[in-house]
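Notes for the one structure printed next.
In what follows, every chain begins at residue 1, and chains take the letters A, B, ... in the order their sequences are listed.
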Protein chains: 2
Amino acid sequence: MKPPVKKTPVARRGRRDSHRLTPHELELGAFFVQMAGILGVPRSVAQIYALLYAADVALDFDQIQAKLGMSKGSVSQGLKFLRDHEMILSVKAKGVRRERWEPTPSLAASMVNLVRRQVLPALEQSTPALQRVLDGAQKAGASPEVLERLTRLKRWNARALELFPLMLPPSPGG
Amino acid sequence: MKPPVKKTPVARRGRRDSHRLTPHELELGAFFVQMAGILGVPRSVAQIYALLYAADVALDFDQIQAKLGMSKGSVSQGLKFLRDHEMILSVKAKGVRRERWEPTPSLAASMVNLVRRQVLPALEQSTPALQRVLDGAQKAGASPEVLERLTRLKRWNARALELFPLMLPPSPGG
DNA sequence: GCCTAAGTTCAATTTTTATTGAAACATGTC
DNA sequence: GACATGTTTCAATAAAAATTGAACTTAGGC
């Protein structure tokens with residue numbers, strides 16, 4: 001399993017980025033990276049978010065790439081992820097083609113969204129699966145103890161499924 | 001980032017295990033593996049837990065290894081993890097050396113514990129870090145907007161830190 | 001106190017996940 | 001509608017995480 005505290009990937013960090021970032025940008029980056037790790041979000045995405053979070057003005061693609069020293073591919077995918085999860089907004093000035101990005105007002109909402117999108121589908125998929133497991137166990141003559149356990153699990157799943165959507169109203173996107 | 005739905009690792013599954021498991025053991029395994037994935041717990045640990053969860057009687061080391069077709073190392077580490085997180089208990093009959101394992105009564109408590117142990121240390125570490133970030137931003141003359149964001153983040157962190165321990169009373173182990 | 005069964009450790013390996021970068025694609029401009 | 005700029009895609013590669021297995025440790029029986 002993941003080590004409790006992630007060691008800094010020295011090779012990559014030393015290779016190019018980080019000297020373009022101020023100490024507090026770096027420290028904020030580390031904070032978001034750690035939180036992202038818990039939520040299963042890749043490092044590069046967290047770094048982009050942190051950068052935008054600490055920026056006085058909205059930043060464009062090339063500025064992000066330059067500041068973080070990451071590839072176009074990563075920046076593109078990272079921005080896509082953040083957009084899809086409604087964690088950033090593009091600010092367009094007219095006559096300017098380039099998009100510029102800034103964080104959405106509510107970080108909390110974004111995080112709840114993130115969790116929900118991971119958990120809800122899993123719970124939905126599980127409902128019929130757990131029913132099948134319970135049926136199978138009954139037919140196979142499982143002990144009352146096991147049947148009890150499985151029944152509790154199924155109930156728990158159902159409860160979670162009805163509680164979860166209440167955490168926040170569904171996002172515009174679905 | 002992780003693909004939304006994990007494809008079954010055909011090679012490994014086909015190689016040895018699974019034909020020792022009943023269909024409902026397999027399906028329950030899949031369920032726990034999926035949940036574990038969200039929580040950042042490795043597959044092998046989830047499989048062990050699922051096996052014990054669906055078992056009529058407590059199982060020993062060798063039975064687990066045989067049923068799941070995994071290495072001694074994985075079984076040992078998996079059991080250690082589950083023990084450390086108070087998700088399983090050993091049932092000892094006297095005169096018998098071998099330990100036998102069964103799930104603890106409360107799965108819900110176990111899961112909360114699991115989350116707490118990931119999140120709490122991160123939050124604690126973050127408190128001073130965020131303060132430093134905020135100070136740095138102030139000294140560097142950041143815009144009021146950014147200072148506002150960072151202040152909110154710090155408050156949010158502090159709130160999470162005081163709310164979290166209330167989710168469940170602390171476990172005996174710490 | 002020695003022997004053996006039971007379990008742990010950890011370096012090597014495999015598997016999974018993230019990142020890169022070059023080619024393809026889009027979109028606005030003239 | 002050709003061009004240039006900005007962005008995405010995706011196969012190849014690098015990095016991180018999980019798993020294995022053989023050497024090592026520990027605990028109990030004698």
Side-chain angles (χ1 to χ4, degrees), chain A residues 1-17 33-34 36-48 59-66 68-84 88 90 92-101 118, chain B residues 1-17 33-34 36-48 59-66 68-84 88 90 92-101 118:
Chain A
M1 138 151 235
K2 305 185 219 205
V5 173
K6 227 174 220 168
K7 40 188 163 176
T8 311
V10 181
R12 180 141 33 101
R13 196 161 86 57
R15 203 165 74 232
R16 35 166 138 187
D17 51 58
V33 165
Q34 189 175 31
I38 291 170
L39 297 169
V41 173
R43 164 178 215 84
S44 62
V45 173
Q47 287 176 312
I48 294 173
L59 302 177
D60 68 34
F61 195 108
D62 288 356
Q63 290 173 313
I64 295 167
Q65 197 191 342
L68 296 175
M70 57 175 65
S71 68
K72 275 176 151 226
S74 285
V75 174
S76 176
Q77 289 179 189
L79 289 175
K80 178 173 177 10
F81 179 95
L82 292 169
R83 249 184 283 128
D84 288 353
I88 59 175
S90 105
K92 310 196 196 198
K94 61 184 169 186
V96 178
R97 176 135 161 233
R98 234 153 218 281
E99 296 206 90
R100 303 166 65 74
W101 302 96
Q118 286 200 285
Chain B
M1 141 149 233
K2 303 185 224 208
V5 174
K6 226 174 222 169
K7 40 190 161 174
T8 309
V10 181
R12 181 142 31 102
R13 194 161 87 57
R15 204 165 73 231
R16 34 166 138 189
D17 52 57
V33 165
Q34 189 175 31
I38 292 171
L39 297 170
V41 172
R43 163 179 216 84
S44 62
V45 172
Q47 288 176 311
I48 294 172
L59 302 178
D60 67 34
F61 197 108
D62 288 356
Q63 290 174 313
I64 294 167
Q65 198 192 340
L68 296 174
M70 56 174 66
S71 69
K72 273 180 147 220
S74 286
V75 174
S76 176
Q77 289 178 188
L79 289 175
K80 178 174 178 9
F81 179 95
L82 293 168
R83 249 185 281 127
D84 288 353
I88 58 175
S90 103
K92 310 196 195 198
K94 61 184 168 186
V96 178
R97 174 127 164 241
R98 233 151 220 282
E99 296 207 273
R100 303 166 66 73
W101 302 96
Q118 286 201 284

Just the table, please: protein N/O against nucleotides 3-9 of chain C N/O, every pair under 3.5 Å.
residue	atom	partner	partner atom	Å
C/dA5	N3	B/R97	NH2	2.9
C/dA6	OP1	B/R98	NE	3.1
C/dA6	OP2	B/R98	NH2	3.3
C/dG7	OP1	B/E99	N	3.3
C/dG7	N7	B/K72	NZ	2.9
C/dT8	OP1	B/R83	NH2	3.1
C/dT8	OP2	B/S76	OG	3.0

For the pair made of [atom1] in [X] and [atom2] in [N], what is the distance, rounded to whole Å?
X      : N      : atom1 : atom2 : result
A/K92  : D/dG6  : NZ    : P     : 14 Å
A/R43  : D/dA15 : CZ    : C1'   : 11 Å
A/D84  : D/dT7  : CG    : C1'   : 14 Å
A/R100 : D/dG6  : CZ    : C1'   : 14 Å
A/M70  : C/dT19 : CE    : P     : 7 Å
A/I48  : C/dT20 : CD1   : C1'   : 13 Å
B/Q34  : C/dT16 : CD    : P     : 16 Å
A/Q65  : D/dT8  : CD    : C1'   : 13 Å

Q: Check whether any side-chain heavy atom of A/V33 sits under 4.5 Å from a side-chain heavy atom of A/Q47, and report yes or no.
A: yes
(Q) Can you tell me how far apart OG (B/S44) and CG (B/L79) are? Round to the nearest 0.5 Å. (A) 10.0 Å
Q | Nearest-0.5 Å distance, CG of residue A/D62 to CZ of residue A/R98 | A | 3.5 Å
Q) Short question: side chain of B/Q77, backbone of B/S74 - any donor-acceptor pair under 3.5 Å? A) no
Q: Tell me whether the OP1 or OP2 atom of C/dT19 has a side-chain N or O from A/S71 closer than 4.0 Å.
A: no
(Q) OP1 or OP2 of D/dT19 versus the side-chain N and O atoms of B/S44: is any pair under 4.0 Å? (A) yes
Q: Report the residues that fulfil side chain to side chain contact (heavy atoms under 4.5 Å, CB included) with B/E99, sequence neighbours left out, ordered by chain and then residue number.
A: B/S90, B/K92, B/W101
Q.
Applying side chain to side chain contact (heavy atoms under 4.5 Å, CB included), can you list everything that pairs with A/D84, at least two apart in sequence or on another chain?
A. A/K80
